[in-house]
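Before any comments, here is the structure.
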Amino acid sequence: MSLVIGEIAYTNIVPPFYCLNREELEKNGCRFVPKVPAGLNAAMKQGEVDVGGISSFAYGKEKGKYVLMPHLSVTAYGPVGSIFLFSKYPLESLEGKNIALTSASATSVHLLKVILKEFLHFTNITFTTVTPDAEKMNASFDAFLLIGDDAIRTFWKREKLGVYYYDLGQLWYEYTGFPMTYAVFAVRKEAAEEKKDMVHMLYKQFIESKKKALGPRFNDMITYIQQRHGGTEAFWRAYFRNLHYQFDEKEKEGLLYYYKLAYEHGYFERPVTDIEMWMTGNEVRDLL
Ligand SMILES: C=C(O[C@@H]1C=C(C(=O)O)C=C[C@H]1O)C(=O)O
């Protein structure tokens with residue numbers, strides 16, 4: 001029996017994965033599957049992936065099927081640094097325009113729609129989902145949304161593209177005062193039951209990896225990322241110091257508010273008013 005772990009193929013998720021003892025996990029039957037968030041959301045829904053990072057939107061959409069791992073998420077209190085709407089026009093002038101949405105995302109595309117409809121009161125924007133490619137998107141659309149490393153690379157060349165840019169996390173924070181949780185760590189309920197010991201082992205390692213990657217191993221994580229993706233050391237340091245990886249009351253409150261608006265705007269069939277956790281209280285404390 002193997003445990004299939006979804007690994008978001010973007011840098012934002014690195015800390016909980018960076019210091020995993022992959023050899024040990026693989027020896028014990030774990031297998032890693034890297035995909036962009038939308039790919040993992042689908043794989044998890046189809047039962048091909050048991051556990052891992054998925055879009056927080058996908059948890060709400062599939063409410064009832066997954067439980068969430070405590071103290072793990074990808075969250076920002078304000079700007080994210082890697083979720084941008086790039087636009088030929090200022091934000092206030094987007095009514096009547098067409099916007100390209102990256103096919104890699106679920107949380108951020110709905111976040112953008114919610115922000116434009118709920119807070120800017122736009123009713124007439126055409127959205128088209130396309131493969132992320134800044135040049136092509138910029139050539140054919142008035143504005144385009146990118147996430148993850150695609151967004152970071154485009155942010156670095158924003159002046160060449162001559163576009164306005166808006167950080168969705170910043171907009172959300174300005175309008176609501178809430179943090180926004182983009183990725184959650186979900187476990188399919190069947191896997192949580194049937195592969196209990198493996199899920200426990202993995203959870204412990206996720207927590208340890210996050211602590212080490214943001215603590216004693218921070219410098220070598222930054223070097224590793226800079227070597228793979230370019231950019232400056234200062235950029236990556238600031239990027240990771242800004243992101244939050246916990247998932248406690250404040251993060252849940254922000255996420256539930258997002259779920260409320262997502263339901264009101266018709267993106268969920270049922271309201272999502274609570275979050276089911278994998279293990280709670282004392283049980284988890286033993287694993288931390
Ligand atoms: C922080 C980010 O969040 C990601 C955004 C997601 C989405 O929009 O569905 C899903 C997972 C997150 O890892 C990012 O893309 O940079």
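These numbers come from the heavy atoms of this one structure, side chains and all, not from hydrogens, waters or symmetry mates. Start at 1 and go down the list; that is how both ligands and their atoms are numbered.
Between Glu190 and Lys65 there is no salt bridge, since none of the side-chain N atoms of the basic residue sits less than 4.0 Å from a carboxylate O of the acidic one. A salt bridge does not link Glu208 with Lys211: every distance from a Lys NZ or Arg NE/NH1/NH2 to an Asp or Glu carboxylate oxygen is 4.0 Å or more.
Side-chain N or O atoms of Tyr258 include one that pairs as donor or acceptor with a backbone N or O of Thr107 at under 3.5 Å.
Every residue meeting the ring-ring contact (aromatic ring centres under 6.0 Å, His included) condition with Tyr224, not counting sequence neighbours, appears here in chain and number order: Tyr18.
Just one residue in the list Lys189, Lys196, Arg31, Lys195 forms a salt bridge (charged side-chain N to carboxylate O under 4.0 Å, His left out) with Asp50, and that residue is Lys195.
Within 4.0 Å of ligand 1, protein heavy atoms belong to Ile8, Asn12, Pro37, Ser55, Val74, Val80, Ser82, Ile83, Ser105, Ala106, Thr107, Ser108, Ile147, Gly148, Tyr182, Ala183, Tyr239, listed by chain and number.
Judged by the 6.0 Å and 45° rule, Arg158 forms no cation-pi pair with Phe86.
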